[in-house]
Participant: 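Dropping the structure in here first, questions after.
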Amino acid sequence: MLEARNLARRVAPLVAEAPVVLERASVHTLPAHARFSLRARDVSGVETLDHPIGRTWLSEKRFAARLGPDEWLLGAPESDGDLLQQGIERALSSRFFSLVDISHRNVAIEISGPAAAEALNAGCPLDLSEAAFPNGSATRTLLGKAEIVLARPSAAPVYRVECWRSFATYAHGFLIEAASSASFR
Amino acid sequence: MLLIDCPFCGKRPEVEFRCGGEAHIARPANPFAVDDQAWGEHLFVRKNPRGLHAERWIHAHGCGRWFNAIRDTYTDRFVETYKAGERPSVDLSEARA
Ligand SMILES: [Zn+2]
């Protein structure tokens, strides 16, 4: 459980970074977020979790990305972390699962614009075309030398990059670099 | 880039994967019953063929799952991938380069 006294002391990485808005691709850091790593064998019938690997369930404020056969990355606004935890505990009450708070471990960066996919492909080997990575896709992959979770929450060319906080400076710098070269082509 | 067909995620770029060496190596059921020679071979001696080879792979930067693959060590072509615990449909005794 997230304790308020720890929350107050925590300094989020990249907080001082201003948005980088370029002609064809822009990079924003996203505000602090509650995130959980869920491991479970059986989620049948749970609407928010029971979808194919590589896809994400989305609501206005929350997401549940299925990273593997038994692994999910869950996210909610920082103030909703406890609610999300309670929701999962209720939905999976009679089954075995592990739910770990990783809010402090992850940092989210958003890259958007017509050349966003091109910029990501400077370091991400995935096929980001409409057919291979449509709206609602989410997966763990690589960005340069860092492991990330890449999600596409909507049909717009907007991508969410989740990385570990120790990779945040690298991933953020990489995306800005890639966004600038994609913009001036 | 070489694509590897993860049994869970589908075709994904090679850099997301790591190889874990030869697959289907059974640990002796009773290690106390095998002599040093046989135990040493179980631990260290591998086939290293020129041709079809059953290997363990992990989709490290993806679903994080181990699975098995039949790969031609000569051409680096992935002939088949299948989940751990399953058997390949390819007959490895007919391995060719
Ligand atoms: Zn996979």
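In the text below, chain A, chain B and the rest are named by the order of the sequence lines, each starting its count at 1.
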Participant: At a 4.5 Å cut-off on heavy atoms, which part of A:Ile53 comes close to chain B: side chain, backbone, both, or neither?
Facilitator: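 The side chain, not the backbone.
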
Participant: Find out if a path of hydrophobic residues (ILVMFWY) with successive side-chain heavy-atom gaps under 4.5 Å connects A:Phe174 to A:Val20.
Facilitator: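 Both belong to a single hydrophobic cluster.
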
Participant: Locate the shortest heavy-atom distance separating B:Val15 from A:Leu142; write the atom from each residue and the value.
Facilitator: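 So the two residues come closest at O-CD1, 3.5 Å.
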
Participant: Say whether A:Tyr159 and A:Leu73 are linked into one hydrophobic cluster, either directly or through other cluster members, by side-chain heavy-atom distances under 4.5 angstrom.
Facilitator: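 No.
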
Participant: Determine whether more than 12 heavy atoms belonging to other residues, nucleotides or ligands lie under 6.0 Å from atom CD of A:Glu71.
Facilitator: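 Yes.
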
Participant: Check B:Cys63 against A:Arg140 and note the closest heavy-atom contact, atom names and distance.
Facilitator: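 Result for this residue pair: C-NH1, 4.0 Å.
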
Participant: Any chance you could lay out the salt bridge (charged side-chain N to carboxylate O under 4.0 Å, His left out) test for A:Asp70 and B:Arg65, step after step, and finish with the verdict?
Facilitator: CA-CA 10 Å; A:Asp70 62 354; B:Arg65 277 305 175 120; 2.7 Å; yes

Participant: Same cluster or not: A:Leu128 versus A:Val161, using hydrophobic residues (I, L, V, M, F, W, Y) connected whenever any side-chain heavy atoms lie under 4.5 Å apart?
Facilitator: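 Cluster IDs for A:Leu128 and A:Val161 match.
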
Participant: Going from NE2 on B:His61 to CD on A:Glu147, what distance comes out if it is rounded to the nearest 0.5 angstrom?
Facilitator: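 Rounded to the nearest 0.5 Å, the NE2-CD separation comes out at 5.5 Å.
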
Participant: So which of B:Gly62, B:Gly10, B:Gly64 has the biggest tally of heavy-atom pairs under 4.5 Å with chain A?
Facilitator: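 If we count pairs closer than 4.5 Å to chain A, B:Gly62 comes out on top.
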
Participant: Is it the case that atom CD in A:Glu23 sees more than 12 heavy atoms from other parts of the structure closer than 6.0 Å?
Facilitator: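 No, CD of A:Glu23 has 12 or fewer neighbouring heavy atoms, counting only those of other groups under 6.0 Å.
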
Participant: A:Ile102 and A:Trp164: same hydrophobic cluster, using ILVMFWY side-chain contacts below 4.5 Å?
Facilitator: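 Hydrophobic grouping puts A:Ile102 apart from A:Trp164.
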
Participant: Rounded to the nearest 0.5 Å, how far apart are CZ of A:Arg66 and CZ of B:Phe8?
Facilitator: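 The distance works out to 10.5 Å.
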
Participant: Between NZ of B:Lys11 and CG of A:Leu126, what distance do you get to the nearest 0.5 Å?
Facilitator: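 If I round to the nearest 0.5 Å, the distance is 15.0 Å.
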
Participant: Heavy-atom pairs under 4.5 Å with chain B are the metric here; pick the option from A:Gly68, A:Pro52, A:Pro69, A:Gly54 that has the most.
Facilitator: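 Heavy-atom pairs under 4.5 Å are most numerous for A:Pro69.
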
Participant: Would A:Val27 end up clustered with A:Leu22 when hydrophobic side chains under 4.5 Å apart are linked, directly or stepwise?
Facilitator: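 In one cluster with A:Val27: A:Leu22, yes.
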
Participant: Do any side-chain atoms of residues 26-37 of chain B form donor-acceptor pairs under 3.5 angstrom with protein atoms, and if so which ones, sequence neighbours left out?
Facilitator:
residue: B:Asn30; atom: OD1; partner: B:Phe32; partner atom: N; Å: 3.1
residue: B:Asp35; atom: OD1; partner: B:Gln37; partner atom: N; Å: 3.4
residue: B:Asp35; atom: OD1; partner: B:Ala38; partner atom: N; Å: 2.8
residue: B:Gln37; atom: NE2; partner: B:Glu41; partner atom: OE2; Å: 2.8

Participant: Please identify, among B:Glu14, B:Met1, B:Glu16, the residue contributing the most non-hydrogen atom pairs under 4.5 Å to chain A.
Facilitator: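 Option with the greatest count: B:Glu16.
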
Participant: Judged by modelled atom types alone, do B:Arg12 and A:Thr139 share a side-chain donor-acceptor pair under 3.5 Å?
Facilitator: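 The criterion, which ignores hydrogens and geometry beyond distance, is satisfied for A:Thr139 and B:Arg12.
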
